[in-house]
Amino acid sequence: MRTTVSAPTPVVVAIDGPSGTGKSSTSKGVAARLGMAYLDTGAQYRAITWWMLRQGIDPADTAAVAAAAEKPEIVSGTDPLAPTITVDGTDVSAPIRGAEVTGAVSAVSAVPEIRARITGLQRSIAEGAAASGPGIVVEGRDIGTTVLPDADLKIFLTAAPEVRAARRSGELGGPQDAARLAATRADLVRRDTADSSRTASPLARAGDAVELDTGDLTLEQVVERVVAMIEERRSA
Ligand SMILES: Nc1ncnc2c1ncn2[C@@H]1O[C@H](COP(=O)(O)OP(=O)(O)OP(=O)(O)O)[C@@H](O)[C@H]1O
Ligand SMILES: Nc1ccn([C@H]2C[C@H](O)[C@@H](COP(=O)(O)O)O2)c(=O)n1
């Protein structure tokens with residue numbers, strides 16, 4: 001007797017939340033575990049910000065940023081084990097993590113023309129992944145509210161600023177001194193405030209999102225919980 005193994009139902013998962021709550025680590029872990037695609041939408045905003053800076057465009061000059069919004073070609077690779085991001089064919093995965101881009105990305109991503117451009121890219125990537133495989137995990141700030149309002153599952157990650165600052169400064173290595181923690185915390189809070197107070201598609205929890213505080217959970221525990229929610233959704 002032949003047993004037929006059916007392909008898993010494709011699911012689109014939106015994971016949003018403030019900076020440093022674990023969106024990227026969780027999304028990559030979940031997508032890798034379930035063979036799904038993964039999209040880091042923050043990397044796309046960082047990439048277009050990197051390009052603006054390279055062109056000498058002032059991130060605070062909203063009109064100039066808007067006028068250039070369609071110019072760079074941004075390509076995201078969606079393998080959770082090796083995500084990639086290029087701008088006009090150049091690999092920008094390292095420079096987009098630098099302080100200059102981090103300091104400018106909230107201003108650039110607040111410009112409506114930038115959001116329209118990047119949202120279009122995100123929707124077409126999500127649509128393609130859902131049509132051709134077991135689905136995609138898309139992480140960002142406005143995925144559940146604006147980019148993919150019909151996502152099958154929406155999760156909003158949170159964690160206290162102190163926890164997020166400790167995680168972030170842990171990445172840099174060296175001693176966790178109080179001054180460094182305070183500076184990291186201030187940077188996170190500044191970016192969250194800018195991202196959640198902008199007019200165009202701010203950082204926000206969708207009404208139908210499941211909120212998950214990651215503060216007392218290990219990364220593995222967060223991944224487990226999200227995988228369980230996806231499996232429950234698939235079997236519903
Ligand atoms: N549950 C967890 N427990 C401990 N550390 C974690 C947990 N989740 C993530 N981390 C660590 O916290 C740091 C921030 O995680 P990550 O980059 O995934 O957050 P993020 O929400 O994507 O941040 P950003 O929005 O700034 O890109 C990383 O060093 C990551 O390894
Ligand atoms: N859906 C998204 C994703 C990101 N942004 C902006 C705001 C963030 O500060 C910035 C960088 O994101 P990160 O790499 O830290 O996740 O990009 C946004 O506006 N909308």
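Please read these numbers as outputs of a predicted model, since none were measured by experiment. Just so it is clear, the values below take in all heavy atoms, side chains as well, and ignore hydrogens, waters and symmetry mates. In each ligand, atom 1 is the first atom listed, and ligand 1 is the first ligand listed.
Not a single donor-acceptor pair under 3.5 Å links the side chain of Asp142 to the backbone N or O of Thr145. Proximity of a side-chain donor or acceptor of Arg185 to a complementary backbone N or O of Pro161 within less than 3.5 Å is not detected. Of the possible donor and acceptor atoms, one in the side chain of Ser235 sits under 3.5 Å from a partner among the backbone N and O of Glu232. The main-chain N or O of Ser169 is found under 3.5 Å from a side-chain atom of Arg180 such that the two form a donor-acceptor pair.
Hydrophobic clustering (ILVMFWY, side-chain heavy atoms < 4.5 Å, transitive): Ile136 and Leu153 are in distinct clusters.
Atom numbering of ligand 1 starts at 1 in the shown order; those under 4.0 Å from a heavy atom of Leu219 are 1 (N), 2 (C), 3 (N), 8 (N). Close approach to Arg191 involves these atoms of ligand 1, each under 4.0 Å from a residue heavy atom: 26 (O). Of all the atoms in ligand 1, the ones that sit under 4.0 Å from a non-hydrogen atom of Arg141 are 25 (O). Atoms of ligand 1 found under 4.0 Å from any heavy atom of Gly22 (numbered from 1 in listed order, with element): 8 (N), 9 (C), 15 (O), 16 (P), 18 (O), 19 (O), 20 (P), 21 (O). In summary, the atoms of ligand 1 found under 4.0 Å from a heavy atom of Lys23, numbered by their order in the structure, are 18 (O), 19 (O), 20 (P), 21 (O), 22 (O), 23 (O), 24 (P), 25 (O).
Among all non-hydrogen protein atoms, the one lying nearest atom 1 (N) of ligand 1 is Leu217 O, 2.9 Å. Here the protein heavy atom with the shortest distance to atom 26 (O) of ligand 1 is Arg168 NH2, 2.6 Å. In this structure, atom 13 (C) of ligand 1 lies nearest to the protein heavy atom Glu171 OE2, 3.2 Å.
Around atom 16 (P) of ligand 1, the closest heavy atom drawn from Ser25, Gly17, Ala166 belongs to Ser25. Residue nearest to atom 7 (C) of ligand 1, selected from Gln221, Arg167, Lys28: Arg167 (by heavy-atom distance). Considering each of Ala43, Ser24, Ala159, the one bringing a non-hydrogen atom nearest atom 22 (O) of ligand 1 is Ser24.
Not a single heavy atom of Gly42 sits closer than 4.0 Å to an atom of ligand 1.
Remark: the Asp88 side chain and the Thr90 side chain contain no N/O donor-acceptor pair separated by less than 3.5 Å. With no hydrogens or angles considered, a side-chain donor-acceptor pair links Thr214 and Arg167 at under 3.5 Å. Looking only at atom types and distance, the side chain of Gln44 has a donor-acceptor partner in the side chain of Ser76 under 3.5 Å away. Side-chain contact, Arg168 with Thr184: no donor N or O sits under 3.5 Å from an acceptor N or O. Remark: the Arg205 side chain and the Thr158 side chain contain no N/O donor-acceptor pair separated by less than 3.5 Å.
At a threshold of 4.0 Å, the pair Asp40-Arg97 counts as salt-bridged, since one of the basic side-chain nitrogens sits closer than that to a carboxylate oxygen. The existence of a salt bridge linking Arg33 and Glu220 is confirmed by a sub-4.0 Å separation between a basic side-chain nitrogen and an acidic carboxylate oxygen. Ion pairing of Asp195 with Arg141 is present here, as a side-chain N (NZ or NE/NH1/NH2) and a carboxylate O approach within less than 4.0 Å.
The proximity of Thr26 to ligand 1, defined as any non-hydrogen pair under 4.0 Å, does not occur for either the backbone or the side chain. Contacts between Val222 and ligand 1 below 4.0 angstrom, taking non-hydrogen atoms only, involve the side chain exclusively.
Residue-level contacts of ligand 2 at the 4.0 Å heavy-atom threshold are Thr41, Gly42, Tyr45, Arg46, Arg97, Val105, Ser106, Ser109, Arg115, Gly140, Arg141, Asp142, Ile143, Arg191, Asp195, Arg198.
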